[in-house]
Amino acid sequence: MTPMERALTEARAAAARGEVPVGAVVIGPDGAVLAQAGNAVEAGHDAAAHAELIAMRAAAARLGRPRLEGCDLFVTLEPCPMCAQAASLFRIRRLVFGAYDPKGGGVEHGARVLAARSCHHAPEIVGGVRETEAGDLLRAFFAERRCR
């Protein structure tokens, strides 16, 4: 299973739990999966429990170090400004995301955190990977919520 497929699986599981369907996976320098997670905002009563933040924290704990040099982060949605900054602080090597987020994104939209002069580390960015599938998952989730 590819890293993005793993992230999409996490996103689907998050949706099944009533969370916004976003999933993330951290891959180590050797290609091994270090951590994967889905959003847990509602379950944890924690507005910062975004999939990518949970996954990066778990990967750092697994490695026993605060930085994830050489690691790649795959996430189904363009990270928000908080998660983009966290990817920088964790020193993620490459950030790969699915759907673009013109409203809440912080990488290619909005604050463009990783392009700011104040950003100490900017990972390589690859956007739009399985964009349609990731976007469809989000659109279906919110359409179902609006119908209630």
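Note that the structure is a prediction, hence the values are computed from the model and not measured. Residues: numbered from 1 along the sequence shown.
By the 4.5 Å heavy-atom criterion applied to side chains, Ser88 and Leu114 are counted as neighbours. In this structure the side chain of Thr9 reaches within 4.5 angstrom of the side chain of Met1, judged on heavy atoms.
For the atom pair CD (Glu108) and CG (Asp101), the distance works out to 12.0 Å, reported to the nearest 0.5 Å. Between atom NE2 of residue His109 and atom NZ of residue Lys103 there is a gap of 13.5 Å, rounded to the nearest 0.5 Å. Glu52 contributes atom CD, which lies 8.5 Å from atom CG of Leu95 (distance to the nearest 0.5 angstrom). Rounding to the nearest 0.5 Å gives a distance of 11.0 Å between CG of Leu34 and CG of Leu73. Residue Leu53 holds its CG atom at 5.5 Å from SG of Cys83, rounded to the nearest 0.5 Å. Atom CD of Glu131 is separated from atom CZ of Phe97 by 8.5 Å, given to the nearest 0.5 angstrom.
Judged by distance alone, with hydrogens and angles left aside, the side-chain atoms of His121 form a donor-acceptor pair with the main-chain N or O of Ile92 at under 3.5 Å. At distances below 3.5 Å, not a single donor-acceptor pair connects side-chain atoms of Thr76 with backbone N or O atoms of Leu8. Judged by distance alone, with hydrogens and angles left aside, the side-chain atoms of Glu19 form a donor-acceptor pair with the main-chain N or O of Val41 at under 3.5 Å. Side-chain atoms of Glu78 come within 3.5 Å of backbone N or O of Val107 as a donor-acceptor pair. With hydrogens and angles ignored, the 3.5 Å screen pairs no side-chain donor or acceptor of Asn39 with any backbone N or O of Pro21. Checking side-chain atoms of Glu42 against main-chain N and O of Gly18 turns up no donor-acceptor pair under 3.5 Å.
No single ILVMFWY cluster, assembled from side-chain heavy atoms under 4.5 Å apart, contains both Val129 and Val75. Criterion: ILVMFWY side-chain heavy atoms under 4.5 Å apart, direct or through other members. Under it, Met56 and Ile54 are not part of a common hydrophobic cluster. Under the 4.5 Å side-chain contact rule for hydrophobic residues, Val126 and Val113 do not share a cluster.
Open room surrounds CZ on Arg57; 12 or fewer heavy atoms of other groups in view lie less than 6.0 Å from it.
The pair Arg12-Glu5 meets the salt-bridge criterion, since a charged nitrogen lies less than 4.0 angstrom from a carboxylate oxygen.
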